[in-house]
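Below is one structure, written out as structure tokens; comments come after it.
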Amino acid sequence: MHGPLLAWYDRNKRDLPWRRTRDPYAIWLSEVMLQQTQVATVIPYWERFLARFPTVKALAAAPLDDVLSGWKGLGYYTRARNLHRAAQEVVERFGGKFPATAEELITLPGFGRYTAGAVASIAFGEPAPIVDGNVARVLSRLFEVEGLPGDRDREATLWALATALVQGERPGDFNQALMEHGATTCRPESPLCLLCPVRDGCFAYRKGRVDELPPAKVRAAPRKLFLALAVWPHAGTLLFARRADKGLFGGLWELPAVEVEEETSEADATQRLSTTLGAALTLEGTLDSVRRQLTHRDLTLRLLRVSGGPRPTHSTAFQELRWCTPQEAEALGMSTAMQRALDAALGHGVMASEAPVAPAKKAPGRGRKATER
DNA sequence: AAATCGTGGGA
DNA sequence: TTCCCAAGATT
């Protein structure tokens with residue numbers, strides 16, 4: 001099946017930007033961005049990021065804030081943090097020369113077995129195996145591998161198969177052929193078996209089990225999470241805070257937030273924010289909540305417009321505090337959820353409703369008039 | 001080793 | 001609207 005699949009790949013592969021380069025750094029970047037993320041989403045991010053950080057040395061030398069800003073909106077932000085750390089290790093441990101073997105690569109932050117094998121095979125031609133979601137699905141069907149995703153025996157079988165299959169011509173292209181086949185033909189729903197180049201050897205196809213392999217993974221119901229956000233305008237700025245490195249949205253900026261319960265009153269939430277920020281806050285009004293559905297979280301952001309003092313510049317509850325104009329805030333690493341909340345606040349005229357500071361600044365035109373309730 | 005970590009697109 | 005989930009790594 002090695003030959004037919006490779007031939008199919010040569011005829012049918014998509015023209016993706018990272019397939020036009022042999023730069024290990026650029027290929028690595030694509031692999032990290034593609035983790036749990038769809039190709040169409042990654043393409044513009046990859047091009048922008050590469051223009052901003054053209055080499056591993058440039059990335060290593062950049063401030064983490066710039067890296068997180070470049071990752072803004074892509075999700076799984078630990079990837080950006082690990083990418084940055086790994087770039088610095090490439091410079092320090094390997095003299096800026098990208099390590100060429102899976103064995104070395106896997107010692108870098110953010111490199112697991114998959115990413116190490118992908119970079120080693122695609123960028124350096126090492127016959128290193130990979131098993132991602134696509135490959136797992138393709139091999140499960142071809143060889144009728146049983147077991148749920150995550151099952152130890154199943155994973156071991158898949159890696160053993162991938163290891164055996166990648167020995168041969170053009171290991172990087174073969175690995176990509178496996179993935180490409182899984183992404184476009186041997187896809188999860190309604191696979192296109194009539195177009196499959198290796199149908200004759202597929203056990204699941206012969207037995208009519210294509211639709212039942214592999215079994216879908218069981219997913220826990222998302223838990224609810226309520227955050228109360230302080231929308232605190234002053235002199236054309238808003239207060240922003242940097243979250244802890246670990247956990248949800250780690251290291252990203254936000255409108256200062258505290259976790260609350262669904263039934264927590266606005267007054268109590270304001271009090272919690274006062275304590276957290278070390279300031280006496282007055283609730284001036286509320287804005288519509290912003291809801292976001294994450295894989296594991298059902299997120300509700302409750303926006304509280306507040307005033308008060310003294311205005312803090314640091315806090316024990318946050319890594320860092322900063323008063324930023326809306327324009328300055330655009331350069332902060334921020335989750336999409338928080339970006340939506342910020343856009344909502346600005347769109348409702350929270351800057352304009354502030355007592356004007358001479359000379360009066362115009363609120364950014366976000367469309368809607370203030371409809372504060 | 002089961003849980004955690006985001007997002008946008010498609011059904 | 002709601003649900004599902006895609007080129008995984010980390011603890």
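Not measured: the values here are computed from a predicted model.
In the 5' to 3' direction, nucleotides of DNA chain B lying under 4.0 Å from heavy atoms of chain A begin and end at B:dA1 to B:dG9.
The closest donor-acceptor contact from the side chain of A:H181 to the backbone of A:C196 lies at 3.5 Å or more, if one exists at all. Not one N or O on the side chain of A:R242 forms a donor-acceptor pair closer than 3.5 Å with the backbone of A:E320.
Looking at heavy-atom distances under 4.0 Å, A:A118 makes no contact with the nucleic acid at all. The residue A:T295 sits close to a base: some heavy atom pair falls under 4.0 Å.
Nearest-nucleotide assignment on DNA chain C puts the 5′-proximal partner with A:R14, out of A:R14 and A:F111. Between A:G110 and A:R19, the residue anchored nearer the 5' end of DNA chain C, judged by the nucleotide with its closest heavy atom, is A:R19.
Whole-Å rounding puts the A:I106 CD1 to C:dA9 P distance at 8 Å. Look at CD on A:Q36: it is 13 Å from C1' on C:dC4, rounded to the nearest Å. Going from atom CD of A:E31 over to atom C1' of C:dA6 covers 13 Å, rounded to whole Å. Spacing between atom CZ of A:R297 and atom P of C:dC4 amounts to 18 Å, rounded to whole angstrom units. Summarising the geometry, the separation between CH2 on A:W28 and C1' on C:dG8 is reported as 15 Å, rounded to the nearest angstrom. Distance A:L74 CG to C:dG8 C1': 14 Å, rounded to the nearest Å. For the pair A:L248 CG and C:dA9 P, the interatomic distance rounds to 21 Å; values are reported in whole Å. Between the CZ atom of A:R79 and the C1' atom of C:dA6 there is a distance of 10 Å, rounded to whole Å.
A:R292 is linked by a salt bridge (charged side-chain N to carboxylate O under 4.0 Å, His left out) to nothing, counting only residues two or more places apart in sequence or in another chain.
When all heavy atoms are compared, the tightest approach of A:H84 to A:V67 is CD2-CG2, 3.7 Å.
Aromatic rings of A:F53 and A:F49 (six-membered ring for Trp) have centroids within the 6.0 Å cut-off, being under it.
Distances were taken from every side-chain heavy atom of A:N82 (C-beta onward) to each of C:dT11, C:dA6, C:dA9; the shortest belongs to C:dA9.
In this structure, A:F124 and A:F98 have parallel ring planes: the angle between them is below the 30° cut-off, well short of the 60° mark.
Across the P atoms, C:dT11 and B:dG6 are found 14 Å apart, a figure rounded to whole Å.
Ion pairing between A:K13 and A:E180 fails under the 4.0 Å rule for side-chain N and carboxylate O.
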